[in-house]
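Taking it in order: structure first as structure tokens, then the write-up.
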Amino acid sequence: MRDHPFVKERLFCPGPTPVPSEIGIAALHTDVYHRTDTFRNDFLECRRLLQPFFGCSEAPLILTSSGTGALEAALVNLTAVGDSILVINGGKFGERWEKIGKAYQCQVETYLIPWGTCPDVNQLVAKIKALPRCKAVFFQANETSTGVAYPVEELTKAIRKNSEALVVVDAVSGMIAHRMEMDAWGVDCVVSGSQKGFGIPPGLSFIGLSKRAWGQLSDRPRFYFDLNKERKGQESGETAWTPATTLVMSLLVALRQLSMLGPDACEKHHRLLSEASREAARALGLELFPKSHYSQALTAMRLPPSIDGSALIKHCRKSYGAIFAGGQDHLKGKIIRLAHLGMVDQLELLAGIAALEMGLIALGHKHSLGAGVGAAMKVFTHSDAI
Ligand SMILES: *Cc1c(COP(=O)(O)O)cnc(C)c1O
């Protein structure tokens, strides 16, 4: 229940993202049996509509799990015990690849980069050349903890040129906000999740594999996340286990909407919102946390030392219902993350920026009230994108 009748909670955190009512309402279709032609057709339409967002020749599989489940599925199906793998770790989610790899007894080599920075292609190539038997390289399309978008195409092409390793990309927060072209770039496996760019609640994840990856599945024991088994069934819309049927109903509505625009226009929209957010940060005197390669899914801003980020987040939620994400680990209290991922429009983002501005003033930051909102409005009025 709401804490206050006149405070609506609005999600400005990088997942879960807001769910528009028509997408949420679709999940009220509760009494669905999944072994019917009707459901199988809806499921197949979802898979088909996901495909252009992955840019792959074979439609992605839909799994019932949070995003991390699909990360685990990727690693478990593509590696065996003792395999050498390389992980790019530039934040909380790079670290997650590392942890999954270790849990499943891979030999994990890490290319560790400072939080807020982007991997360097030459350093990556040096790392991969030093690992001649590397089975796969794992990294993020968008490191959500720092707001950095990695240049997936460039990194993938460099890996493919210098190694036989499979390229596995976590695009859980990167997809929709950024283009993904698996086939054209040579990416072997891409993972995404429902509660980020797709604007539906958490509980579904998506995984696409290249032909090369399908040809190299490991013989490691597995059960729930057996991609070969899933692939056989999902060809005809049949899932191995009971899927989250209500979420599939929502997914279908969300995908029909996103498909009216297509991947390019979706990316353009997110680019516009991210530009507006960066201009707002500058106008408020907040430094952007990433040094370069700004994410189009979220904007991470460094707070002045005088502002306690945790108090700011609490204040914004209590007074305005605006839910932001703070920093994780050593960044706790030091940054604020404003998401503009999924079904967020210009006016909603302006409301988020307004909440941030009012919160900053309440905590003693000096800026001209409205400066951030005004800067974002300027970006919107001067753009023909929506
Ligand atoms: C949200 C997210 C995940 C998955 O998280 P879940 O909580 O398991 O859904 C994985 N990677 C990135 C980059 C994310 O932003």
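The model shown is predicted, which means the values in this text are computed figures rather than measured ones. Just so you know, ligand 1 is whichever comes first in the structure, and atom 1 is the first atom listed for that ligand.
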Handout entry: Salt bridge K318-D3, side-chain N to carboxylate O under 4.0 Å
Key = no

Exercise for the section: Would you check whether N142 reaches within less than 4.0 Å of ligand 1, judged by its heavy atoms? Expected result: yes

Practice task
Tell me, please: is E143 in heavy-atom contact with ligand 1, that is, under 4.0 Å?
Solution key: no

Exercise for the section: Step through it carefully: locate the ring centre of F206, locate the ring centre of F198, and say whether they are under 6.0 Å apart. Expected result: yes

Handout entry: Heavy-atom nearest option to atom 7 (O) of ligand 1, drawn from M175, K92, Q195
Key = Q195

Exercise for the section: Take Q140 and D170 through the test side chain to side chain donor-acceptor pair (under 3.5 Å) and record every step on the way to the result. Expected result: CA-CA 5 Å; Q140 271 59 44; D170 164 3; 2.8 Å; yes

List the atom pairs, with distances to 0.1 Å, where a side-chain N or O of residues 279-286 and a protein N or O form a donor-acceptor pair under 3.5 Å, not counting sequence neighbours.
residue : atom : partner : partner atom : Å
E279    : OE2  : R282    : NH1          : 2.8

Problem - F93 N/O under 3.5 Å from ligand 1 N/O - result: no

Exercise for the section: Answer yes or no: does an N/O atom from K196 fall short of 3.5 Å to an N/O atom of ligand 1? Expected result: yes

Exercise for the section: Starting from atom 11 (N) of ligand 1, find the nearest protein heavy-atom neighbour and note its residue, name and distance. Expected result: D170 OD2, 2.6 Å

Handout entry: R40 and S236: CA distance, side-chain angles, deciding distance, side chain to side chain donor-acceptor pair (under 3.5 Å) verdict
Key = CA-CA 7 Å; R40 281 189 283 261; S236 54; over 6 Å; no

Handout entry: ligand 1 versus T68: contacting region, heavy-atom distance under 4.0 Å
Key = both

